[in-house]
Amino acid sequence: MQVELPDGSTLELPEGATGADAARAIGEGLARAALAVRQDGQVRDLAAPLEDGAPLEIITARSPDALELIRHDAAHVLATAVTELYPGTKVSIGPPIEDGFYYDFEFPEDVTVGEADLPRIEEAMRSHIHADERFERTDIPAGDALKRFVEEDQPYKVELIEDLVRDQGVDTVSLYRNGPFTDLCRGPHGPATKRIKAFKLTSVAGAYWRGDSNRQMLTRIYGTAFLSQEDLDSHLERLEQARARDHRRLGRELGLFMFSDLSPGSPFWQPAGMTIWNDLTDLWRAENLRRGYREVKTPILYDVELWKQSGHWEKYRENMYFTDVEERAMGLKPMNCPAHIQIYREERRSYRDLPIRYSEAGLVHRHEPSGVLHGLLRVRHITQDDAHIFCTGEQVEDEVIDCLDFGFFLYEIFGFDPRLELSTRPDVRIGSDEMWDAAESALESALRRKGLEYELNEGDGAFYGPKIDLHMTDSIGRSWQLGTVQLDYSMPERFGLEYTGADNAEHRPVMIHRALLGSFERFIGILVEHYAGEFPLWLAPVQAMVLPIADRHVEYARRVRDELAASGIRVEVDERTESVGRKIRDGEVRKIPYMLVLGDREQEAGRVSVRRHREGDVGDRDLAELARSLAAEIAEKRAPAVPDNPL
RNA sequence: GCCGGAGUAGCUCAACCGGUAGAGCAGCCGCCUUGUAAGCGGCAGGCUAGGGGUUCGAGUCCCCUCUCCGGCUCCA
C-alpha cells in the first residue's frame with residue numbers, strides 16, 4: 001500500500017501497516033514523537049491500520065490537535081485513578097474541552113469528593129502516567145458491550161450504548177483500555193499515558209447527567225493538561241493574571257460599585273462608578289435621539305392582569321417579584337415591552353407613523369436563581385438600554401439592519417468585537433410556520449446583507465420569535481450576552497395592536513425588541529474587565545489628579561484644577577502632606593490617566609509637568625494648551641490602548 | 001434552584017491536635033515640606049456572617065440560615 005505525505009512524497013508500506021509503522025518508516029525520532037495520525041480529515045490512533053491511498057499526516061506534540069488528544073487521555077487517566085481510589089464509583093463521560101478536560105462521576109453515597117481530595121487523585125494519576133500504560137482499542141458488538149457494562153453496574157455507559165444503538169443504529173462500539181480501566185469511547189487516543197507531560201486537576205463541580213436538571217447530579221472533576229510543564233505553568237500564570245482584572249475585584253479597589261447582603265444581586269453604585277454610568281447614559285441618549293428613537297419612561301410596578309395578558313404570568317412568573325398593594329396583586333416588570341405597548345396603544349396609529357421607535361433606560365427586576373448571580377454580569381436589578389420598534393412587515397429587515405449598525409457603532413467605540421448568534425424557532429413556540437419562515441429569513445438576510453459572521457443556534461429563539469444576540473467574553477473567557485435584536489409577532493397579537501394602512505384597513509404591526517449594550521450593569525462589568533480598570537480618558541472617573549509637591553504649591557494646584565475643571569475635565573488635587581512619590585503611586589494604583597506634578601518651577605512658569613498613566617513623565621506643558629488637548633481627547637472618545645488580555 | 005468550597009478588623013491574610021484572636025495595608029493623631037510607584041513614629045480598630053448545639057473551655061467540632069466563590073441547570 002502507499003500513502004501520500006504532507007510534503008508531497010509517497011511512502012510505500014506493507015499491507016495492513018499502521019500509523020506507528022508509517023512514522024517509524026519515516027524516522028525513529030518521528031516514531032517517538034507521534035501521537036496519532038490524520039487521514040481523510042479524521043484523527044486516528046497510531047495503532048489503527050492505515051487506509052491505502054489516502055494522504056497521511058502524523059500528529060505530534062507540535063500539531064494543533066495534540067492538546068485535545070492528551071487531554072482526552074488525561075480524562076481517562078483521571079477516571080482510572082478515581083475508580084481505583086473510590087470503588088463503586090459510576091463513570092459517565094469525560095471529554096476534552098477548551099483549556100482542559102473533565103470527567104463526570106457518580107460517587108458511592110457515603111463519599112463526597114471536594115477540592116481537598118484533588119492532590120490525592122493527582123498522585124494516583126501520576127503513578128498511572130509513570131507506568132506508561134498503553135491505550136488499547138477493541139471494537140466489540142454493541143450487545144457484548146452492553147452486557148459487560150450491565151455486569152459492571154455502570155448504568156451511564158449502558159444508557160449511552162442503548163442510545164447509540166437506538167438513535168444511530170450502531171452495532172459495534174469501541175472500548176479503550178489503559179491499565180486497569182476500560183471505557184466506552186469513540187477515541188482517538190495517544191499511544192500511552194506517558195505522553196501526558198504535565199497536568200493539574202483544577203476544580204470540582206456538580207453537573208447534571210446529560211445536562212438535564214431533572215436527572216442525577218454527578219460530580220465533575222475539571223483538569224487541564226499540556227505537552228510541557230512550562231506550558232502548564234504559563235497557563236496557570238495567565239489565569240492568575242486574569243483574576244487581577246476581575247470586575248468584582250476592580251470594582252471594589254477602584255470604588256466603582258459594591259454589593260450588600262441586604263440586597264443580593266443588586267449593585268450599589270459609588271460615586272466613581274456613577275460617572276461611568278452617566279457617561280454611558282449620555283452616549284446612549286445622544287445616539288438614540290440621533291437615530292430616530294424617542295425616549296420614554298415607564299413604571300416598574302403593574303397590575304398582574306398586564307402580565308397575564310402579555311404571557312409573562314404563564315411563562316415567566318417564577319422569575320418575577322409580586323406584591324399586594326391595597327389588596328390588588330401587582331408585579332414588578334421583568335421586561336419593558338408591555339409598558340411600551342401601552343404607549344403605542346394610547347393613540348390610533350397610521351402606517352405613516354411607522355416605524356415608531358421607543359427607547360428607555362428601563363429598570364427591570366428578575367428573580368434570577370441564587371446560584372447564578374455573578375457581580376455585575378448577572379444581577380437581579382437590571383437597567384436595559386431597551387427599545388421597541390413598531391413597524392410593518394416590510395420594514396422589518398431594514399430596521400434590523402439599522403439595529404445591527406447601531407450596535408456595531410457603539411461596540412467600536414469601546415474596541416469591542418462581539419460574537420454574533422442567530423437563534424431560531426424553539427420546539428415550544430407560538431405562531432405559524434410561515435411566520436417563523438419570514439422572521440428567520442428576515443434576520444438571516446439582514447446578517448447576510450451586512451456580511452456578518454454568526455453562529456447558528458438552532459432552537460434557541462424566544463417563544464415569540466427568532467433573535468440575533470451580541471456576545472462578549474469576560475476576563476477568563478466566559479461568554480455573556482450583551483445586545484439582542486428580537487423579532488416579535490406575538491405581543492402585537494396578544495395586545496391587539498393595530499395601525500391603519502394606506503388601504504384604510506387595520507393591520508397588525510411587528511415589534512422588534514432591541515437592547516444593544518444589553519444592560520448598563522453587565523456592559524460596565526465587561527467594560528471594566530476589557531480595560532482592566534484602565535479606562536479611556538472620557539470614561540475615567542477622575543481624569544486628572546493635580547499633585548502639588550509641597551504645601552506651598554497647593555494654591556497654584558487649586559488654580560490648575562479650577563482651570564481644567566472649567567474645560568469640563570474631572571480633576572482633583574491631592575492635597576495630602578505626602579511625598580510626590582507616594583501621591584504618584586496612589587494615583588497609579590487608582591489608574592488615573594493623567595497626573596500633573598507641580599512645584600516651584602511649574603508655578604513660576606505657569607506650566608504643569610505631565611505624567612501619563614503607564615507611560616510616566618511626558619514633560620511639561622502650558623496649562624491652557626493642556627486643557628485644550630485633554631478636552632479634545634475626551635470629546636473624541638479616543639480609542640484607548642487596551643491592556644493585553646492574558647487569555 | 002442543584003453540587004462542591006469559603007466566610008476572622010475597611011482590604012489582603014495569620015492563629016498547632018479545641019486552651020486569653022494577630023500582622024501588613026487602609027484609617028486617625030503627630031513629626032517631616034517632600035520632584036515622578038509606598039518618609040517616620042504613635043493610636044485605634046473584632047459579638048470570628050447570624051442562630052442553635054457538643055465541651056470545663058469553640059474562630060477551630062456538629063446542625064440550621066444567610067451571603068459569597070467555582071461549576072451545572074436557567075438566562076423570556
Side-chain angles (χ1 to χ4, degrees), chain A residues 102 104 106-107 112-118 202-222 243 246 248-249 252-253 258-265 310-312 314-320 334-335 337 364 366-375 377-379 382 423 426 428 460-465 467 469 476 478 480-481 484 486 488 490-491 513 518 522 547-554 576-590 595-602 609-620:
Chain A
Y102 68 78
D104 287 347
E106 184 190 333
F107 287 101
T112 41
V113 171
E115 264 155 50
D117 302 297
L118 296 183
T202 50
S203 63
V204 179
Y208 297 106
W209 169 235
R210 300 210 141 170
D212 183 344
S213 60
N214 296 312
R215 304 200 63 180
Q216 177 74 34
M217 174 153 291
L218 306 173
T219 302
R220 175 170 298 179
I221 299 179
Y222 281 97
R243 273 190 270 279
D246 186 312
R248 293 165 297 186
R249 171 179 170 159
R252 188 178 57 241
E253 288 174 356
M258 48 164 273
F259 289 90
S260 161
D261 288 358
L262 298 173
S263 186
S310 68
H312 287 87
E314 186 191 346
K315 301 267 181 194
Y316 205 72
R317 199 179 354 168
E318 293 295 297
N319 288 297
M320 289 177 62
M335 297 181 204
C337 31
V364 299
R366 299 181 183 180
H367 182 217
E368 302 287 343
S370 56
V372 305
L373 300 179
H374 187 93
L377 298 180
R378 190 81 183 262
V379 293
I382 307 164
S423 296
V428 181
D460 216 31
F463 67 90
Y464 51 73
K467 57 178 187 159
D469 294 330
I476 64 169
R478 291 175 291 215
W480 298 89
Q481 182 195 307
T484 185
Q486 310 181 345
D488 180 4
S490 158
M491 292 283 170
H513 306 237
R522 183 175 282 181
L547 309 184
I549 286 171
D551 288 349
R552 65 178 177 277
H553 307 121
V554 166
R576 294 175 303 165
T577 56
E578 287 286 355
S579 66
V580 182
R582 175 51 176 273
K583 292 179 183 178
I584 286 172
R585 187 192 136 78
D586 290 345
E588 291 289 345
V589 167
R590 289 174 63 189
M595 277 183 270
L596 310 173
V597 179
L598 29 95
D600 294 336
R601 290 199 301 269
E602 289 79 6
S609 188
V610 179
R611 183 192 166 95
R612 187 78 168 93
H613 176 63
R614 272 187 175 263
E615 286 172 36
D617 194 348
V618 294
D620 71 316

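Throughout, a chain's letter reflects where its sequence line sits, starting with A, and its residues are numbered from 1.
- The side chain of A:M217 sits closest to B:C2 out of B:C2, B:A37, B:U33.
- Residue A:R248 places at least one side-chain N or O closer than 4.0 Å to OP1 or OP2 of B:G70.
- Of the listed nucleotides (B:C75, B:U73, B:G35), B:C75 has the atom at the smallest distance from the side chain of A:R378.
- With B:U36, B:U12, B:U33 as the candidates, the nucleotide lying closest to the side chain of A:S609 is B:U36.
- In this structure, of B:C69, B:U33, B:C75, it is B:C75 that holds the atom nearest to the side chain of A:R522.
- Between B:C74, B:G39, B:U36, one nucleotide has an atom nearer to the side chain of A:R582 than all others, and that is B:G39.
- Side-chain polar atoms of A:N319 and A:H312 form no donor-acceptor pair below 3.5 angstrom.
- Between the side chains of A:T484 and A:D469, at least one donor N or O sits under 3.5 Å from an acceptor N or O.
- The phosphate of B:C68 has neither OP1 nor OP2 within less than 4.0 Å of any side-chain N or O from A:H374.
- Among the nucleotides B:A37, B:G70, B:U33, the one closest to the side chain of A:V589 is B:A37.
- Residue A:Y222 has a polar side-chain atom (N or O) positioned under 4.0 Å from OP1 or OP2 of B:C72.
- Distances shown here put every side-chain N or O of A:R612 at or beyond 4.0 Å from the OP1 or OP2 atom of B:U36.
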